[in-house]
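Just so you know, these numbers come straight off a predicted model, no measurement behind them. In the text below, chain A, chain B and the rest are named by the order of the sequence lines, each starting its count at 1.
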Amino acid sequence: MTVLPPPTIELRNISKQFGTVRALDAVSARFQSGRVHALLGENGAGKSTLVKCLLGYYRADAGETIVDGRRVAISHPAEAHALGLGMVYQHFTLVPQMTVAENFVLGRGKIPLVVKWKDEQDQLRSFMAGMPFRLDPQRKVSTLAAGEKQKLEILKQLYLGRRFLVLDEPTSVLTPAEADEVLGEMRNLANASKLTVVLITHKFREVEQFAQDVTVLRGGKLAGSVDQKDASKETLATMMFGGGTAEKSRVAKPAAVADGVPYLKIHELIADGDRGTPVLNGVSIDVRPGEIVGVAGVSGNGQKELVEVLAGQRATTSGSILVDRQAFSGTRSEIKRAGVALISEEPLANSAVRTLSVMENLALRQFDEKPLSLAKFFLNRSRLAPFARDLIQRYKVRASSPFVRLDTLSGGNVQRVVLARELSRDVKLLIVQNPCFGLDASAATNIRQQIVDARDRGAAVLLVSEDLDEILEISDRILVLSEGTVSFETSRANAEVYEIGRHMAGAHAA
Amino acid sequence: MLDLRSQEWLEPFLLSVGALIVALLLFGAFMMLQGIPPLELYSALYIGSFGTRISIENSLTLAAPILLAALCTLIAARVGLLVMGGEGAIVLGGLGAVLVGVALPLSSPLLGSLLCLLAGALFGGLWIAMAGGLKRVRGVNETISTLLLNYIAIAILNHLISGPIRDFSQTLKAQSWSIPSYFMMPNIPGWSVHWGILIGILVCVLLHVLLRHTTFGFSMDVVGGNNRAAQMAGLPITSIVVISCFLGGAAAGLAGAIEVVAVHGAASESLVVGFGYTGILVAFLARQKPLAVIFFALLMGGIAASGGLLQRRFDVPYAATAVLQGMIFLCVLASSALSGRILPERKSK
Ligand SMILES: Nc1ncnc2c1ncn2[C@@H]1O[C@H](COP(=O)(O)OP(=O)(O)OP(=O)(O)O)[C@@H](O)[C@H]1O
Ligand SMILES: [Mg+2]
């Protein structure tokens, strides 16, 4: 039996308009069979929109799609699936209470009235045997780590017979090692002529390592298509951002020695994770005004839970948190008194309301203060829009109007809304978690700069990040969080990547 | 700018109206099977609901409790809770009105009526607030708890009116003592409709102001939209949820009190006629918008009012309108699946 090569897809002059926003303007691209194709562009450039048009989630206003030389009209995701096209989202679409096997069967769409689990499991096992990564079909999805879930999403697509796969920022929830493994396997499948891959990413490293062709969008237009080998990081950045390229951050100068009383004092904090077992096992961290304390660590060692505790989203078992020498439990008055700002990862899940408008989301911190509120009781709606417009402009959020729902913004622009909301106030304590996930390179530089600026204005900054380079770039002091405790501490001046890495990994092995 | 915001309510409104029309067509087909010609059916529906002055008066009278009961589900839905307890809160509200009306040593009619209504609102409010508190403190599912609370409320009513507060001079029917006749609410001058519907509309308008133009309403939307974002913003979620449930229950309790103070004068099984469940339907039709509730409550009041005429003219059971209501409910639920598709450009994936 000869196996057909995976599809080649050509998009010709695709245009798409949302209200007044021209998200795509006559964009053409060619995704060659059996190759990994990177799709780049700054936040809001139209990458997600382009692939959603291709997969039938949106209907393009104009343009045509050609699959293996034949013109097709895809107006519904099911039609794309029938042609073997699939997509893996940045956020997971799995049912956490179900097992791996159940999620596979569920994904099939046509579920028989009586599922013959024995057959299904055998079928799954033989399918997995031929796959580069494996997962136990009996495991519950909620027990999988982020990397494993991402693998499951991809396996599910392959199991469903998809031979053209779009990955929209697949690695933002993965550690670099997990990302390398997943993308490496995608590349292998492509090399084996089993799959055509379109990879949307903001990470040049991934493009260099795993992609063969590159298409760049800018402001909804095609900025160019090149062979990866001919494209240096600089040329790609120029294509993405236009002439100006990504602004370089001023190298963060270390803070003038920050001493004195810690502004944030976390003492012997113990808290349970989602599964009811302790995940934070006595964490103590001090952050003084005017310093950035970077918390490094492999994801899954308590970072998420630490930030949740500080955000008032997780109960603690014992220990104390003092902010400005007073007990802090995350109530609104404490937050205001102490000037706390918090930027957590996955804003749509953790810190913003997708069903509300952009302006309402921007007002979340200040809606009960003047001038947005009268006497703390009435909301002055007429002030919301001007208030929001100012922030939208200052933080370069791409939104057609302050009235649109937050979830009509591109992923990176949602992140910018949260940044604008949190950083535009008088901040004395800034808690930041993976602030650059989903941001393009220029926005990422800009955000790091703003974090440094906040510190220079005297804020105490706690930076929890899985990106060690980011931590090394801007932290004044570096801690390693491992198995729920701080296992290592060093000043930036003495920081040795090797030593930090050893402690990060040490936790992993133990 | 404005057109963007109008589209926000346009789609849900079109969906609800569309669902209503489909349900009416289905109902027509259903009645045709029983040999009733559709055109006559629709004309009877119209005459029985809004075709004559008397039917309009009936419709308005029935719309009042439906409208207030709808707010019970609506307000709780704004903080993300699915509350089905309108029926029980109506009963509690009616009981509250009777107890206060009977016990008050007052002779001022206006003050007396007002205190009865307030007592009803308070009873209904505390009843549903209980479910909100259980949800927040012990994680008890509010849908199930409010449904069970309905049965408990009815049991309490039956217990009280069959003994402790029974008016034994009434032999035909078990009912409670009556409130003094001078506490009874008069009709709107020139109409044989009591003030309930106007009170209900006023409550809807006030609620609209609360939801749209106060910081509390804003907090409710945040809590209902994303609990974790509300936690991060430091909002007092438990109080917001409990207060919202209280307000919702108070609206339904007020409905029960109005039924007592304006119609029955006493508490009895007449409080348990399904207003609470019709209210849930109206809240869904109105897609949680208080001003839309006014429109849909009037409509459902009309349908309920036409039941008598259908019964007399076509010799079908009074419950025929319940069939129509059920069809409307199904169509509304089904139409939610189309949400975001008829005006697709507005919504993201
Ligand atoms: N459903 C929608 N309604 C209105 N506007 C939309 C919708 N979807 C996308 N847009 C707009 O289209 C533009 C392109 O968005 P898109 O999501 O394609 O960007 P992107 O390149 O994926 O960016 P990011 O890197 O931030 O994810 C943005 O300005 C966005 O606000
Ligand atoms: Mg995107």
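- Counting heavy-atom pairs closer than 4.5 Å to chain B, the top-ranked of the candidates A:N350, A:L310, A:I335 is A:N350.
- Side chain of A:Q313 to main chain of B:R228: a donor-acceptor pair is present (N/O by atom type, distance under 3.5 Å, no hydrogens or angles).
- A donor-acceptor contact shorter than 3.5 Å links the side chain of B:N226 to the backbone of A:L348.
- Proximity to chain B is absent for every atom of A:K336, based on heavy atoms less than 4.5 angstrom apart.
- Here A:S351 is the residue among A:A363, A:G312, A:S351, A:P347 with the most heavy-atom pairs under 4.5 Å with chain B.
- Once rounded to the nearest 0.5 Å, the distance linking CE of B:M232 with CD1 of A:I343 reads 10.0 Å.
- Contacts of A:E334 with chain B are absent, with no heavy-atom separation under 4.5 Å from either backbone or side chain.
- Heavy atoms only, all atoms of each residue included: B:A229 and A:A352 are closest at CB-N, 3.7 Å.
- A donor-acceptor contact shorter than 3.5 Å links the side chain of B:T215 to the backbone of A:F377.
- Here the OG1-CZ distance, from B:T214 to A:R381, works out to 9.5 Å after rounding to the nearest 0.5 Å.
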Could you check A:L356 against B:D221 for side chain to side chain contact (heavy atoms under 4.5 Å, CB included), going step by step and ending with a plain yes or no? CA-CA 8 Å; A:L356 293 182; B:D221 281 342; 4.0 Å; yes

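- With a 4.5 Å cut-off on non-hydrogen atoms, A:R421 touches chain B through its side chain but not through its backbone.
- When heavy atoms are compared at a cutoff of 4.5 Å, A:A349 approaches chain B solely by way of its backbone atoms N, CA, C and O.
- With a threshold of 4.5 angstrom between heavy atoms, A:E422 approaches chain B through side-chain atoms but not through N, CA, C or O.
- Shown here is A:R22, whose CZ atom has more than 12 heavy atoms of other residues, nucleotides or ligands within 6.0 Å.
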Could you walk me through whether A:L364 and B:F218 pass the side chain to side chain contact (heavy atoms under 4.5 Å, CB included) check? CA-CA 9 Å; A:L364 188 54; B:F218 187 94; 4.2 Å; yes

